[in-house]
Amino acid sequence: QGPGSQVTEKPGVGESGWPGRGAGEAGSRGVVCCGTEGPEAACANHSRQHEVTGPSPYFIAVQNRIRPSGRIFFYRKIASVCAHTCDFGKNYLPLRQLFENREKMQHDTHETPEEQAMSIRIVDIARMAGVSTATVDRVIHNRGKVSAENLARINAVLEQVNYRPNLIARSLASGRRYVVAVVTPHFAAGEYWADFDAGIARAEVEARRFNVTVRRYDFDQYDRASFDVLISRLHDETFDALVIPTLFAERVLPFTRELDARGIPYVFVDSDLAACNRLAYFGTSSFDAGVVAARLLCERLDPQADLVVGKIRHRGEGGSNQCRERERGFRDYLARHDFRGTLHDVELRLDDEAGNARRLDELFARHLSIGGAVTFNSTCYILAGYLAARPQRRVRLVGYDVIARNRRMLAEGVVTALVAQRPEVQGYRGVMSLCGWLVEGRRPESVNNLPIDILLKENLTYYTNNII
């Protein structure tokens with residue numbers, strides 16, 4: 001549109017209640033000069049047409065009185081605006097300036113960017129792009145033919161307004177129902193996977209609004225046979241997407257090939273398997289988490305001090321993908337930082353306190369230069385309990401995960417530091433990313449590395465893992 005173009009629809013007179021808004025008249029042309037709409041671009045400030053800005057992507061901000069708050073805005077395209085009018089207080093501004101002022105609008109409307117994006121309607125996008133609503137609908141829903149010119153114009157507007165379709169309305173309208181399967185190890189209250197399940201539970205509530213049901217499947221994380229039984233069961237189950245931890249990588253890999261053949265998207269949590277065709281991964285970098293633990297443990301130790309590596313065994317199985325990657329990062333750090341001591345692996349069992357104590361007593365008796373210890377999963381409390389009963393052994397101990405028993409040992413000063421990975425966030429974002437993919441077709445980032453949190457006695461009371 002150029003100066004003097006006809007405005008096909010204009011807002012009502014005096015309805016917005018904003019200062020500086022001029023009263024348009026029926027049949028007025030799309031020219032605004034110093035806040036007044038009228039048939040000509042002339043006023044006391046401008047007597048010549050060329051002093052009005054030329055063809056412009058300018059918009060008028062109009063209050064939407066349908067919403068109870070009365071502070072939601074949509075935008076109508078106008079032909080041109082004079083320079084004196086281009087300020088936010090008078091309601092008229094270029095599209096570029098409109099989005100530069102987004103923070104001010106959010107403050108006025110008390111809406112998040114996501115809520116504002118959701119409140120923009122197809123008819124508003126059509127007006128902004130200068131096309132019909134039917135054309136916008138075809139682009140948004142990827143159906144029917146649209147000219148390259150109109151497609152470019154619509155996509156430009158969608159990007160500018162950060163448009164997000166209303167998932168609830170879309171899923172309800174389609175009537176389609178989805179099932180997201182979630183695989184998780186058995187857990188008891190206060191354990192690591194209990195926090196992960198808390199994130200799943202939160203996502204489950206939100207997913208229901210999109211006609212998505214969460215279905216849980218569990219296994220024993222210390223028993224590979226238990227995982228094999230579960231995989232066999234999943235062969236015959238019907239679901240639309242899957243969240244799965246990669247503890248038993250050698251079993252997960254062939255299963256993902258089956259999922260690929262079935263066209264089922266899947267998300268990894270806990271640790272990643274980059275070689276797979278997963279939709280996304282949510283969790284920390286396991287290798288880097290191992291590097292962090294090594295630095296925490298060794299920075300104040302004599303380079304010649306020996307280290308104990310506690311490895312948990314249960315019913316003959318152990319060593320998850322997560323633990324292997326952490327240990328690889330741990331050893332990499334030592335190799336690069338002049339470590340001249342010896343690493344001593346010791347097998348520990350969850351249900352054998354007396355046996356654990358005997359093996360550790362023998363180890364410490366043979367190697368008097370042990371100065372530090374580490375475990376690569378959430379069972380740091382086993383080593384911590386042993387050391388707490390023998391305060392004469394001055395050993396720095398680093399572990400993973402802020403579960404209740406580890407937290408207590410850290411607070412008492414037995415554990416030097418804990419490295420945490422926000423399991424609740426992993427569970428929540430894993431499920432919600434699949435909801436977005438199933439309902440909207442919105443692909444998440446492939447790798448979503450979460451912060452590697454370092455917990456000390458001094459900052460423990462301020463920590464929460466559920467920053468979603």
Side-chain angles (χ1 to χ4, degrees), residues 181-187 191-193 196-197 200 216-235 237 239 241-262 264-293 309-332 345 347 350 374-379 400-401 419 421-423 426-427 429-430 433-434 444-450 452:
V182 177
V183 172
T184 184
H186 303 320
F187 60 85
E191 293 182 346
Y192 170 82
W193 290 102
F196 176 82
D197 188 69
I200 298 295
R216 292 171 172 80
Y217 301 86
D218 57 13
F219 66 98
D220 185 342
Q221 64 178 309
Y222 299 107
D223 186 355
R224 190 169 60 189
S226 170
F227 188 74
D228 290 341
V229 170
L230 174 59
I231 293 299
S232 296
R233 178 184 173 191
L234 290 174
H235 291 322
E237 293 287 320
F239 50 88
L242 177 70
V243 176
I244 185 169
T246 60
L247 279 73
F248 299 110
E250 65 278 8
R251 296 297 194 263
V252 173
L253 285 169
F255 180 55
T256 60
R257 289 193 286 271
E258 177 188 329
L259 294 173
D260 292 337
R262 294 167 62 182
I264 296 176
Y266 50 94
V267 165
F268 289 151
V269 293
D270 193 53
S271 64
D272 196 15
L273 294 175
C276 295
N277 188 34
R278 49 42 176 160
L279 181 68
Y281 165 66
F282 293 92
T284 58
S285 166
S286 302
F287 181 91
D288 289 339
V291 171
V292 169
V309 178
K311 296 189 174 182
I312 304 302
R313 296 290 184 267
H314 187 47
R315 289 199 292 275
E317 291 293 347
S320 69
N321 182 61
Q322 174 84 285
C323 292
R324 287 193 294 268
E325 283 298 295
R326 285 172 175 171
E327 183 170 356
R328 191 168 68 88
F330 186 89
R331 290 177 180 271
D332 179 78
D345 292 350
E347 181 178 303
L350 294 176
V374 64
T375 61
F376 295 117
N377 64 7
S378 61
T379 57
Y400 290 84
D401 303 323
V419 181
Q421 56 179 326
R422 306 189 186 184
Q426 294 182 41
R429 293 185 62 186
S433 68
L434 288 171
E445 292 290 332
S446 296
V447 178
N448 301 269
N449 281 325
L450 299 181
I452 299 173

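Heavy atoms only: backbone and side chains are in, while hydrogens, waters and symmetry mates are out. Small disclaimer: the values here were computed from a predicted structure and weren't measured. Residues take their numbers from the sequence shown, with the count starting at 1.
At a threshold of 4.5 Å between non-hydrogen side-chain atoms, the residues Asp197 and Arg216 count as touching. Using a 4.5 Å cut-off on side-chain heavy atoms (C-beta onward), Thr256 and Asn277 make no contact. Leu279 is listed as a side-chain neighbour of Pro444, based on a closest heavy-atom distance under 4.5 Å. A 4.5 Å side-chain heavy-atom check between Thr184 and Pro245 finds every atom pair outside the cut-off. Residues Phe287 and Asp332 are in side-chain contact: their nearest non-hydrogen atoms beyond the backbone lie under 4.5 Å apart. Taking 4.5 Å as the limit, every side-chain heavy atom of Phe376 sits out of range of all side-chain heavy atoms of Ile312. Put simply, the side chain of Arg422 does not reach to within 4.5 Å of the side chain of Arg429, judged on heavy atoms. Using a 4.5 Å cut-off on side-chain heavy atoms (C-beta onward), Tyr266 and Cys276 make contact.
Considering CD of Glu237 and CG of Leu242, their distance stands at 11.0 Å, rounded to 0.5 Å. To the nearest 0.5 Å, atom CG of residue Leu434 and atom CD1 of residue Ile264 are 11.5 Å apart. Separating the OG1 atom in Thr375 from the CZ atom in Arg326 is a distance of 9.0 Å, to the nearest 0.5 Å.
Of the possible donor and acceptor atoms, none in the side chain of Ser226 sits under 3.5 Å from a partner among the backbone N and O of Phe219. Proximity of a side-chain donor or acceptor of Asn321 to a complementary backbone N or O of Leu247 within less than 3.5 Å is not detected. In this structure, the side chain of Gln426 engages the main chain of Asp270 through a donor-acceptor pair within 3.5 Å. No side-chain donor-acceptor contact under 3.5 Å links Arg278 to the backbone of Phe268.
Between Glu325 and Arg328, at least one side-chain N (NZ, or NE/NH1/NH2) sits under 4.0 Å from a carboxylate O, which counts as a salt bridge.
Annotation: cation-pi geometry not satisfied between Arg233 and Tyr217 (NZ/CZ under 6.0 angstrom from ring centroid, within 45° of ring axis). Taking the ring centre of Phe239 as origin, the terminal cationic atom of Arg262 falls inside the region bounded by 6.0 Å and 45° from the ring axis.
Of all heavy-atom pairs between Gln221 and Pro185, the closest is CB-CB, 3.7 Å. In terms of heavy-atom proximity, Ser271 sits nearest to Thr246 at OG-OG1, 2.5 Å. Considering all non-hydrogen atoms of both residues, Ala289 and Ile452 come closest at N-CD1, 3.7 Å.
Dense packing is recorded around CD of Glu250, with more than 12 heavy atoms of other residues, nucleotides or ligands lying under 6.0 Å away.
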Go through the steps to decide whether Tyr222 and Asn377 satisfy the test side-chain contact (heavy atoms from CB on, under 4.5 Å), and finish with yes or no.
CA-CA 12 Å; Tyr222 299 107; Asn377 64 7; 3.9 Å; yes
Checking Tyr400 against Gln322 for the side-chain contact (heavy atoms from CB on, under 4.5 Å) test, could you report, in this order, the C-alpha distance in whole Å, the side-chain angles of both residues, the deciding distance, and whether it holds?
CA-CA 11 Å; Tyr400 290 84; Gln322 174 84 285; over 6 Å; no
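Using a 30° and 60° split on the angle between ring planes, Phe248 and Phe227 fall in the tilted class, from 30° to 60°.
A side-chain contact (heavy atoms from CB on, under 4.5 Å) with Tyr281 is found for one member of Val269, Leu450, Asn449 and no other, namely Asn449.
Of the N and O atoms on the side chains of Asp288 and Ser285, at least one donor lies less than 3.5 Å from an acceptor on the other residue.
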